[in-house]
Amino acid sequence: MTFGAELQGWYLQHKRDLPWRETRDAYKIWLSEIILQQTRVEQGLPYYLRFVERFETVVDFANAEEDDILHLWQGLGYYSRGRNMHKAARIVRDEYNGIFPVDYKTLLKLPGIGEYTAAAISSFANNEAQAVLDGNVFRVLSRYYGIDTAINSTEGKKTFTAIAQENLDQDHPALYNQAIMDFGAIHCKPKQPLCITCMFNTSCYAVLQGEVDRLPVKLKGKASKERYFNYFIVKDEAQILMSKRGEGDVWQNLYEFPLIESDRTLTIPEILIDEQFVRYFGDKAEIKLLQKQTKHILSHQNIYATFFEVRLKGGLNQKKSNWDYVFLKDLDKLAKHKLIFTFLERSNF
DNA sequence: AAGTCGGGGCA
DNA sequence: TGCCCAGACTT
């Protein structure tokens, strides 16, 4: 049996039942694929169900506001996916007559759709012969063929793309793609892969050479940065001051409290004479610690966040353009990042 | 070619 | 802790 035939045989016996496998609607497949980028199936599944429930078609999706999309996306991370989906949906609505494209080349032009996602949608929705190459496929091919070129290097991507495409079952692209990904996720796992019961354990290079734990090879990235966020809760009657984050940093377009970033932990006396603090709140404001410093870990930065309540003496000294007073009862409607909504859950707002 | 963008699960 | 997850985009 060929490599692809073995995989498909395994898949028919072991495949997971997932809702986006029940449809050939390119819109729903697109939803699932974007949600699942760098995201485990168990984590993305509830989001997928909420999105298809809320937006039945890509035109419904396009007619929503970006804030609505980000609000539904809240907590899933990598929020540019949500922003790009909104742009892509409007392109499909306005330039493709609301018909979601299914061919690889057209899909690749849409924002948020790269080579993997274009291959996934075009094969699943239209059986186009494009091989997917995601983390699972990298791992399976790397181990089976014993390729130790780094999977996150330019050369590695080129090499693995070629091998993936050579192995694709041209007659059953959708089935083959699903099979190799599920095999990587369930059987040829990163840690403790099931080599003992694997149908490839007499042909897999990594098993034969005892290199399963060494493959695939990946280049290490840069070390994480340390950042210190001082958040300020400013209430006025039934309202609270909120700020929308801008471009060029994490959590773009999400809401949070007014923030002063520092390069180290600040004490309350230090904050009270901080230049930015005085500019925002004046030199007579008082502050009280609401939540002591907590560590929030992102892929490439560690954020140490502290929350303070501010008592203004006579209104805001300076109001930034991205600041707005929001009624507490409307706070749920804003799209917020994890640091903020966890704080809100813990406190009594 | 390297850096940036989240959040969670697991050993 | 470090690594990984149905990657894409920017610099």
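So you know, we letter chains A, B, ... as the sequences are listed, proteins then strands, and number each from 1.
- Here Gln37(A) does not reach the OP1 or OP2 of dG7(C): none of its side-chain N or O atoms lies under 4.0 Å away.
- Distances shown here put a side-chain N or O of His300(A) below 4.0 Å from the OP1 or OP2 atom of dC5(B).
- In this entry the distance linking NZ of Lys218(A) with C1' of dG2(C) reads 12 Å, nearest Å.
- Between Trp30(A) atom CH2 and dG7(C) atom P there is a gap of 17 Å when expressed in whole angstrom units.
- Straight-line distance from the CG atom of Asn253(A) to the C1' atom of dG6(B): 15 Å, rounded to whole Å.
- Using a 4.0 Å heavy-atom criterion, one finds that Lys220(A) contacts the sugar-phosphate atoms exclusively.
- One interatomic measurement links the two molecules: CD1 of Ile297(A) to P of dC4(C), which rounds to 17 Å at whole-angstrom precision.
- For the pair Leu254(A) CG and dG6(B) C1', the interatomic distance rounds to 10 Å; values are reported in whole Å.
- Take the nearest nucleotide of DNA chain B for Glu155(A) and for Gly248(A): the residue whose nucleotide is more 5' is Glu155(A).
- Phe343(A) does not carry Arg346(A) over the face of its six-membered ring by the limits of under 6.0 Å from the centre and within 45° of the normal.
- More than 12 heavy atoms of other residues, nucleotides or ligands shown are found within 6.0 angstrom of OH on Tyr96(A).
- Heavy atoms of Thr117(A) sit under 4.0 angstrom from primed sugar atoms or phosphate atoms, though from no base atom.
- Taking 4.0 Å as the cut-off between side-chain N and carboxylate O, Arg21(A) and Asp182(A) count as a salt-bridged pair.
- Put simply, Ser299(A) has no side-chain N or O that comes within less than 4.0 Å of OP1 or OP2 on dC5(B).
- Rounded to whole Å, the distance from CG on Asp182(A) to P on dA6(C) is 9 Å.
- Contacts of Asn152(A) with the nucleic acid, taken as non-hydrogen atoms under 4.0 Å apart, are absent.
- At the heavy-atom level, Leu18(A) lies under 4.0 Å from base atoms of the strands shown.
- Within 4.0 Å (heavy atoms only), Trp20(A) reaches at least one base atom of the nucleic acid.
- As a whole-Å value, the separation of Asn302(A) CG from dT4(B) P is 13 Å.
- A close approach under 4.0 Å does not occur between any side-chain nitrogen or oxygen of Arg83(A) and OP1 or OP2 of dC9(C).
- No close placement of the Tyr116(A) and Phe138(A) rings is indicated, their centers lying 6.0 Å or farther apart.
- Here the two rings, on Tyr144(A) and Phe3(A), have centers that are under 6.0 Å apart.
- No close placement of the Tyr11(A) and Tyr176(A) rings is indicated, their centers lying 6.0 Å or farther apart.
- When the side-chain nitrogen and oxygen atoms of Tyr78(A) are compared with OP1 and OP2 of dC5(C), none of them lie within a distance under 4.0 Å.
- As rounded to the nearest Å, dA6(C) and dG3(B) have C1' atoms that lie 23 Å from one another.
- Comment: Arg264(A) engages Glu270(A) in a salt bridge, judged by a side-chain N to carboxylate O separation of less than 4.0 angstrom.
- At a threshold of 4.0 angstrom between heavy atoms, the contacts of Gly75(A) are confined to the sugar-phosphate backbone, with no base atom among them.
- Here the separation of dG8(B) from dC9(C), taken at their C1' atoms, is 23 Å to the nearest Å.
- For Phe51(A) and Trp30(A), the distance between ring centers is not under 6.0 angstrom.
- Within the 4.0 angstrom heavy-atom criterion, only backbone atoms of the sugar-phosphate kind lie near Ile113(A); the bases stay farther away.
- For Asn63(A) and Arg90(A), the side-chain atoms include no donor-acceptor pair closer than 3.5 Å.
- The 5' end of DNA chain C is approached more closely, in terms of each residue's nearest nucleotide, by Arg139(A) than by the other of Arg139(A) and Gly114(A).
- With hydrogens and angles left out, the side chain of Thr39(A) and the base of dG6(B) share a donor-acceptor pair within 3.5 Å.
- For the OP1/OP2 pair of dG7(B) and a distance below 4.0 Å, the side-chain nitrogens and oxygens of Trp251(A) include at least one atom meeting the criterion.
- For Gln178(A), counting side-chain heavy atoms from C-beta on, the closest listed nucleotide (dG6(B), dT4(B), dA6(C)) is dA6(C).
- Remark: P of dG8(B) and CD1 of Ile303(A) are 13 Å apart, rounded to the nearest angstrom.
- Both His296(A) and Lys222(A) sit near DNA chain B, but only Lys222(A) has its closest nucleotide nearer the 5' end.
- The residue among Lys295(A) and Lys157(A) whose nearest nucleotide of DNA chain C is located toward the 5' end is Lys295(A).
- Counting atom types as modelled, Arg16(A) pairs no side-chain N or O with a base atom of dA6(C) as donor and acceptor under 3.5 Å.
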Distances under 3.5 Å between nitrogen or oxygen atoms of protein and nucleotides 9-11 of chain B:
unit_1, atom_1, unit_2, atom_2, d
dG9(B), O4', Arg40(A), NH2, 3.4
dC10(B), O2, Lys191(A), NZ, 3.4

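- For Phe232(A) and Phe281(A), the ring centers are positioned less than 6.0 Å apart.
- OP1 or OP2 of dG8(B) sits under 4.0 Å from a side-chain N or O of Lys338(A).
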